[in-house]
Amino acid sequence: MTNKKRFYITTPIYYPSARLHIGHAYCTTLTDIFARSKRLRGYECYFLTGADEHGQKIEKNAKAAGKTPQEFVDGIVEGFHKLWNLLEISNDDFIRTTQERHTKVVQDIFTKMLNNGDIYLDKYKGWYCTPCESFWTDTQVGEDHICPDCGRPVQVAEEESYFFKTGKYVDDLLKFYDENPKFLIPESRKNEMVNTFIKPGLGDLCISRTSFSWGIPIRENPKHVIYVWLDALTNYITALGYGSDDPSKFEKFWQDPECEVIHILGADITRFHAIYWPMFLQSLGLRRPDREFVHGLLMMRDSKMSKSKGNVVDPAPLIERYGVDAVRYYLAREINFGSDGSFSPEQFVERCNTDLANSLGNLLNRTVSMINKYFDGVIPEYKGKVTPFDGEIESFTAMVIKNYEDLMDDLKITDALAMVNELSNRANKYIDETTPWALAKDESKKDELASVMYHLAMSIFVCGMLFKPVLVKSSDRIFDQLGIAEENRVYDKINEYGCLSGLKVNKGDQLFPRLDANIEVPFIKDLMGENK
RNA sequence: CGCGGAGUAGAGCAGUGGUAGCUCAUCAGGCCCAUAACCUGGAGGUCGCAGCGUUCAAAUCCUGCCUCCGCAACCA
């Protein structure tokens with residue numbers, strides 16, 4: 001694994017043509033968890049998300065809403081911020097492609113590429129649907145030459161466009177793939193890129209349009225606006241101040257080889273991130289990202305969540321009812337990161353109950369109760385491994401921490417969190433092995449009992465810390481109950497046996513109350529509009 | 001032959017060459033500190049079908065087929 005101590009991580013910038021749904025929340029939450037995890041472990045981390053605000057669709061939707069495009073996106077982006085606040089997203093910056101810090105630099109980038117010969121002016125030829133004002137490819141219009149959007153016939157049309165030359169960089173890209181096998185994860189995505197797009201012959205990329213005006217105008221030829229990808233992808237560097245008066249963040253979090261750069265993205269935009277983005281960067285003479293992680297899609301009951309099917313899940317009411325931590329936990333734990341997953345109310349309830357209520361929450365509750373009962377609420381002093389059981393749970397804990405860190409560094413978040421579950425399960429088992437209620441009846445076993453209590457408290461502390469990037473509120477509630485002072489809620493303390501000695505516990509409310517599936521499953525289904 | 005996934009216990013999923021695993025549900029037992037929770041054990045799978053494929057060894061690799069899904073067209 002890399003040992004870089006600085007870290008730059010991004011989500012895609014989402015398109016504000018409509019409200020966000022749980023799929024966007026999934027991607028952003030996972031990215032947030034990685035960012036928080038790195039920060040917690042002492043890395044200097046910069047986390048970016050944002051909005052991709054240009055394009056014909058925005059122009060059209062704004063017109064339909066009787067607003068200017070800028071007014072329109074302002075309203076939608078307001079909703080982005082609300083959702084990210086609800087989800088406790090800890091982004092350091094939020095880039096909007098309509099901001100001057102972005103538009104000006106994109107124009108500069110265009111000029112630079114034009115001057116070094118990577119961009120040329122030509123004609124884009126394709127099937128055009130006049131009512132939809134859209135170009136379509138051969139496969140899209142099919143044999144009947146019908147607009148896939150409105151079903152009306154399309155005509156051959158030409159439009160003057162600027163193109164980015166890909167041929168110049170394609171060999172370098174393939175070489176880059178070979179030299180950096182971890183660049184694109186999962187690996188099957190790389191094969192897909194090579195076999196589907198590169199081997200058949202990669203065409204030049206059209207990067208301007210004249211058919212609409214809601215975009216960044218090209219200085220050299222203002223009837224053109226820059227078309228989507230050169231505009232959108234560059235957000236990752238304009239947000240850091242590339243090409244601005246103050247490029248210090250750009251130097252620190254992008255150009256510095258000591259900084260690890262990771263993009264998290266969805267499968268549908270892999271092609272642009274994995275093929276064109278490295279080319280753009282090479283054209284500009286800049287370093288490429290270390291890794292691009294393609295996450296899976298969240299499906300709904302075996303079919304894709306989509307606006308037209310009306311089966312979109314809005315995360316906000318889920319958060320309102322179950323708390324942000326339950327939703328974050330579900331997203332990170334339930335879906336194997338990298339493959340597609342499906343959202344189901346039953347799974348949501350089960351996951352909350354099994355891992356959070358039964359295992360961890362109950363463990364905390366029974367431990368604090370016993371410390372109250374047997375030691376007047378004070379965590380006994382750590383006295384090493386009093387019985388072999390203590391040694392076992394200590395080595396088990398050390399194993400969990402090690403595996404968790406390795407898995408997290410490898411972006412295997414599902415497996416990393418499963419390690420924490422193993423620890424809380426192991427601690428529950430340790431209670432049965434040591435039978436504290438029996439030890440309590442025998443005064444000569446006082447030391448054993450004390451040691452059991454200490455080890456339980458320590459296990460819970462470790463679980464709380466390892467879960468902290470996910471359970472942003474509940475971890476602190478765990479630490480509250482264990483009596484750990486704010487300044488001692490430090491990651492490195494999880495390896496410091498003895499750090500909890502003498503703390504006064506505070507029994508609080510149930511960490512995660514058990515959910516009643518008979519009530520909650522119908523409730524969630526109702527949210528999804530399936531009971532209507 | 002457009003591209004890419006998936007098919008493993010009743011349900012939902014891990015598992016890419018070496019004695020089939022996890023969660024839930026179910027059955028039996030234990031415990032009583034705890035959130036009808038926790039712990040132990042059982043039952044339940046010829047790992048989509050075929051090849052008598054490759055191999056000392058296949059859920060895992062190869063070949064063919066079947067079924068489902070996603071992308072290509074709003075949508076991470």
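Throughout, protein chains are lettered first and strands after them, A, B, ... in sequence-line order, and every chain is numbered starting at 1.
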> Closest to the A/Asn425 side chain: B/rC33, B/rC39, B/rU35?
Replying inline: B/rC39
>> Taking 4.0 Å as the cut-off, does a side-chain nitrogen or oxygen of A/Asn353 come that near to OP1 or OP2 on B/rU35?
In response: no
>> For the C1' atoms, the ones on B/rG48 and on B/rC66, what distance do you get once it is rounded to whole angstrom?
In response: 8 Å
Taking only nitrogen or oxygen atoms into account, show me every contact under 3.5 Å that the protein makes with nucleotides 4-10 of chain B, one pair per line with its distance.
none

> Checking all strands, does A/Asn362 fall into the base, sugar-phosphate, or nothing category for heavy-atom contacts under 4.0 angstrom?
Replying inline: base
>> Using a strict threshold of under 4.0 Å (side-chain N to carboxylate O), is an ion pair present between A/Lys182 and A/Glu292?
In response: no
> Where does the angle between the aromatic ring planes of A/Phe343 and A/Phe348 fall among parallel (under 30°), tilted (30 to 60°) and perpendicular (over 60°)?
Replying inline: tilted
> When we call it a touch if two heavy atoms are under 4.0 Å apart, what does A/Pro513 touch: a base, just sugar-phosphate, or nothing?
Replying inline: base
Quick test: give all pairs of protein nitrogen or oxygen and nucleotides 29-32 of chain B nitrogen or oxygen below 3.5 Å, distance rounded to 0.1 Å.
{"from": "B/rG30", "atom 1": "N2", "to": "A/Asp432", "atom 2": "OD2", "distance (Å)": "3.4"}
{"from": "B/rC31", "atom 1": "O3'", "to": "A/Trp437", "atom 2": "NE1", "distance (Å)": "3.4"}
{"from": "B/rC32", "atom 1": "OP1", "to": "A/Trp437", "atom 2": "NE1", "distance (Å)": "3.4"}

> How far does the C1' atom of B/rC71 sit from the matching atom of B/rU19, given to the nearest Å?
Replying inline: 41 Å
>> Nearest whole Å is fine: how far is B/rC33 P from A/Gln481 CD?
In response: 19 Å
> Across the strands shown, which category fits A/Gln347 at heavy-atom distances under 4.0 angstrom: base, sugar-phosphate, nothing?
Replying inline: sugar-phosphate
> Base, sugar-phosphate, or nothing for A/Leu511, non-hydrogen atoms under 4.0 angstrom?
Replying inline: base
> When rounded to the nearest Å, what value does the distance between P atoms of B/rG21 and B/rG29 take?
Replying inline: 26 Å
> Between B/rG15 and B/rA59, how far is it from one C1' atom to the other, in whole Å?
Replying inline: 8 Å
>> Checking contacts here: which listed nucleotide (B/rU35, B/rC33, B/rU23) is nearest the side-chain heavy atoms of A/Glu350?
In response: B/rU23
>> Rounding to an integer number of Å, can you tell me how far A/Ile76 CD1 sits from B/rA76 P?
In response: 12 Å
> When rounded to the nearest Å, what value does the distance between P atoms of B/rG17 and B/rC13 take?
Replying inline: 24 Å
>> Ring-plane angle category for A/Tyr14 and A/His24, please: parallel below 30°, perpendicular beyond 60°, tilted otherwise.
In response: perpendicular
>> Work out how far the C1' atom of B/rA76 is from that of B/rG70, and round it to whole angstrom.
In response: 14 Å
> Quantified in whole Å, what is the P atom distance between nucleotide B/rA11 and nucleotide B/rC49?
Replying inline: 15 Å
> If pairing requires Watson-Crick or G-U wobble contacts with both distances under 3.5 Å, which nucleotide is the partner of B/rU19?
Replying inline: none
> When you compare B/rC22 with B/rA9, how far apart are their P atoms, in angstrom units rounded to a whole number?
Replying inline: 14 Å
> How many Å lie between CG on A/Asp516 and P on B/rA36, as a whole number?
Replying inline: 12 Å
> NA contact type, A/Asn365, heavy-atom cut-off 4.0 Å: base, sugar-phosphate, or nothing?
Replying inline: base
> A/Trp84 CH2 to B/rA76 C1': how many Å, rounded?
Replying inline: 9 Å
> So what does A/Phe512 touch, heavy atoms closer than 4.0 Å: a base, only the sugar-phosphate, or nothing?
Replying inline: base
> Looking only at side-chain N and O atoms, does A/Lys429 come under 4.0 Å of OP1 or OP2 in B/rC38?
Replying inline: no
> Using purine N1 to pyrimidine N3 plus N6-O4 or O6-N4 for Watson-Crick, or N1-O2 and O6-N3 for G-U wobble, both under 3.5 Å, which nucleotide pairs with B/rG51?
Replying inline: B/rC62
> How close do A/Ile264 and A/Pro12 get, heavy atom to heavy atom, and via which atoms?
Replying inline: O-CD, 3.1 Å
> Angle class for the A/Tyr236/A/His273 ring planes (parallel below 30°, perpendicular above 60°, tilted otherwise)?
Replying inline: tilted
> Parallel, tilted or perpendicular: which describes the rings of A/His81 and A/Phe94, with under 30° parallel and over 60° perpendicular?
Replying inline: tilted
> Can A/Tyr329 and A/Asp355 be counted as having a side-chain donor-acceptor contact under 3.5 angstrom?
Replying inline: yes
